[in-house]
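Each remark here refers to the structure printed beneath this line.
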Amino acid sequence: MSYFTEGEKRWIKRHTEKTLEKLYGKTKGTNMKPTKKKAAKIIDNPIIPKLLKLKYRINDTAKSEGGWSNDMSDDKRYVQSLINDIRKHRFNTLAPEDGHCCNGLWRKYDIRTTS
């Protein structure tokens, strides 16, 4: 037993199709948002490039001196651990003691004094 007449069924079907057409276009799925073509932009942390430069400077010093000393490998390991912590915990600033230590490393591995 049907509660709707044939005319009412046609009217419901036609208006349902019109509503869907407005929402989705002529066929379902044609007006979907496009997939992302670029990777999501990660907000750059200004500390990481500076620490990477320090790490590369320690590498360059080791190459120019012909090998790694224990101090150089410890210094590089310390800088790398700072970089990993900043990336992992998304810190925006260094602790004061880390900043003083890094400033000392910059002076220690300054190109003008080592070359």
Side-chain angles (χ1 to χ4, degrees):
M1 183 169 164
S2 178
Y3 295 106
F4 298 108
T5 64
E6 289 301 315
E8 290 172 333
K9 289 180 184 177
R10 277 194 312 268
W11 187 90
I12 291 171
K13 183 179 177 187
R14 192 177 75 218
H15 285 284
T16 304
E17 288 173 355
K18 282 185 178 180
T19 306
L20 290 175
E21 196 173 295
K22 284 180 185 176
L23 288 174
Y24 301 114
K26 296 222 180 222
T27 59
K28 273 190 173 179
T30 57
N31 284 343
M32 293 174 62
K33 290 183 180 179
T35 58
K36 291 183 180 179
K37 294 179 183 163
K38 292 183 184 177
K41 184 177 180 182
I42 299 172
I43 298 173
D44 293 330
N45 192 329
I47 301 170
I48 291 177
K50 294 175 185 176
L51 290 174
L52 286 172
K53 284 182 185 178
L54 178 58
K55 185 179 108 172
Y56 298 146
R57 184 169 290 182
I58 295 170
N59 285 344
D60 294 341
T61 303
K63 287 178 187 175
S64 67
E65 291 183 2
W68 288 89
S69 68
N70 287 337
D71 287 341
M72 276 190 256
S73 57
D74 289 342
D75 293 340
K76 183 180 173 186
R77 201 173 302 120
Y78 172 74
V79 173
Q80 187 60 48
S81 70
L82 277 178
I83 292 170
N84 291 338
D85 287 343
I86 290 170
R87 285 179 175 160
K88 181 178 178 182
H89 301 292
R90 299 179 184 205
F91 295 137
N92 290 328
T93 57
L94 280 178
E97 56 272 8
D98 291 331
H100 292 300
C101 185
C102 287
N103 286 340
L105 292 176
W106 277 107
R107 284 189 291 276
K108 183 177 178 181
Y109 295 105
D110 190 14
I111 294 173
R112 290 171 286 182
T113 58
T114 59
S115 320

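Everything numeric here is computed off the predicted structure, so don't read it as measured data.
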Quick check for you: to the nearest 0.5 Å, what is the distance between [X] atom [atom1] and [Y] atom [atom2]?
X      : Y      : atom1 : atom2 : value
Arg107 : Cys102 : CZ    : SG    : 11.0 Å
Arg57  : Asp110 : CZ    : CG    : 5.5 Å
Trp106 : Leu54  : CH2   : CG    : 5.0 Å
Leu94  : Ile47  : CG    : CD1   : 4.5 Å
Trp11  : Thr5   : CH2   : OG1   : 12.0 Å
Leu51  : Ile86  : CG    : CD1   : 5.0 Å

Exercise. Is there a donor-acceptor contact under 3.5 Å from the side chain of Asp98 to the main chain of Leu82?
Worked result: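 Pair absent, no side-chain N/O of Asp98 close to backbone of Leu82.
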
Exercise. Is the backbone N or O of Ala62 less than 3.5 Å from a side-chain atom of Glu65, with the two atoms forming a donor-acceptor pair by type?
Worked result: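 Not confirmed, Glu65 side chain does not pair with Ala62 backbone.
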
Exercise. Is the shortest heavy-atom distance from the side chain of Met72 to the side chain of Tyr109 under 4.5 Å?
Worked result: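 Yes, their side chains come closer than 4.5 Å.
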
Problem set entry | Of all pairs that satisfy ring-ring contact (aromatic ring centres under 6.0 Å, His included), the ones with a partner from residues 53-83, not counting sequence neighbours |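 Qualifying pairs: none.
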
Exercise. If you draw a 6.0 Å radius around CG in Asn70, do more than 12 non-hydrogen atoms from other residues or ligands fall strictly inside?
Worked result: no

Problem set entry | salt bridge (Lys or Arg N to Asp or Glu O under 4.0 Å) contacts in which one or both residues fall within residues 73-84, not counting sequence neighbours | Asp74-Arg77, Asp75-Lys108

